[in-house]
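What follows is a short report on a single structure.
Worth knowing before you read on, the calculation uses all heavy atoms, side chains too, and leaves out hydrogens, waters and symmetry mates.
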Amino acid sequence: SWKDNFFEGVPSPAGGILVMTPLIFSLSGLDKFYIFSLNYNILSVIFFITTSILLISKVPTYALKKISVPRNMTIFLLLAVVSYFGLLLIYTFNAIVISGLIYFIMIPVSFIHYNKLGKNLKEQNISNEEHEDIL
């Protein structure tokens, strides 16, 4: 049941946004902060190939299907969602680029979290089997 919180690979809508991130980056005006020494064309090809591989991979990514929010935190969640959509309306390209980069960074985090949960479950199963009495 804990595996329901993860997708297998990057879902198609997120992959579409990730593929378009280099183009949106060039339109966003964030290129003033462009500090990479590599050429933009090379980085966009590397980003495109990496995203394409992630789309067909079996790397677990967060699904957020069964997220539960405590009642006292709902007002903050609503404030965050409204603020995000406000930023999306005013600074469309900047918000999409930053969101895409945050999602791209969260892929290794979700992979590590998935493996940690699987390891904990295996340890619990082993400890339960050791304590059973067999007559």
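- Taking 4.5 Å as the limit, every side-chain heavy atom of S28 sits out of range of all side-chain heavy atoms of Y91.
- A distance of 11.5 Å separates CE of M73 from CG of L78, quoted to the nearest 0.5 Å.
- There is no path of hydrophobic side-chain contacts, each under 4.5 Å, that joins F25 to F48.
- Residues F6 and T61 fail the side-chain proximity criterion, which asks for heavy atoms closer than 4.5 Å.
- The two residues Y103 and P11 come nearest to each other via the heavy atoms OH-CD, 3.3 Å.
- Between the side chains of Y84 and S99, at least one donor N or O sits under 3.5 Å from an acceptor N or O.
- Cluster membership for L79 and V81, using ILVMFWY side-chain heavy atoms within less than 4.5 angstrom, is not shared.
- You'll find the side chain of V59 stays beyond 4.5 Å of the side chain of V10, heavy atoms only.
- Atom OG of S12 sits about 11.5 Å away from atom CG of L18, to the nearest 0.5 Å.
- Considering every non-hydrogen atom in both S110 and P60, the closest pair reads OG-O, 2.8 Å.
- The distance from the OG1 atom of T51 to the CD1 atom of I17 is 11.5 Å, given to the nearest 0.5 Å.
- Separating the CZ atom in F111 from the CE atom in M106 is a distance of 14.5 Å, to the nearest 0.5 Å.
- Put simply, the side chain of L88 reaches to within 4.5 Å of the side chain of I96, judged on heavy atoms.
- Clustering ILVMFWY residues whenever any of their side-chain heavy atoms sit less than 4.5 angstrom apart, transitively, puts F93 in the very cluster that holds L23.
- The aromatic rings of Y62 and H113 sit tilted, their planes meeting at an angle between 30° and 60°.
- Rounded to the nearest 0.5 angstrom, L27 CG and N94 CG are separated by 10.5 Å.
- Hydrophobic clustering (side-chain heavy atoms under 4.5 Å, transitive across Ile, Leu, Val, Met, Phe, Trp, Tyr) keeps I24 apart from I90.
- With hydrophobic clusters built from ILVMFWY side chains whose heavy atoms lie under 4.5 angstrom apart, Y114 does not share a cluster with F7.
- Inter-residue side-chain proximity for F104 and T50 is flagged as met; some heavy-atom pair is nearer than 4.5 Å.
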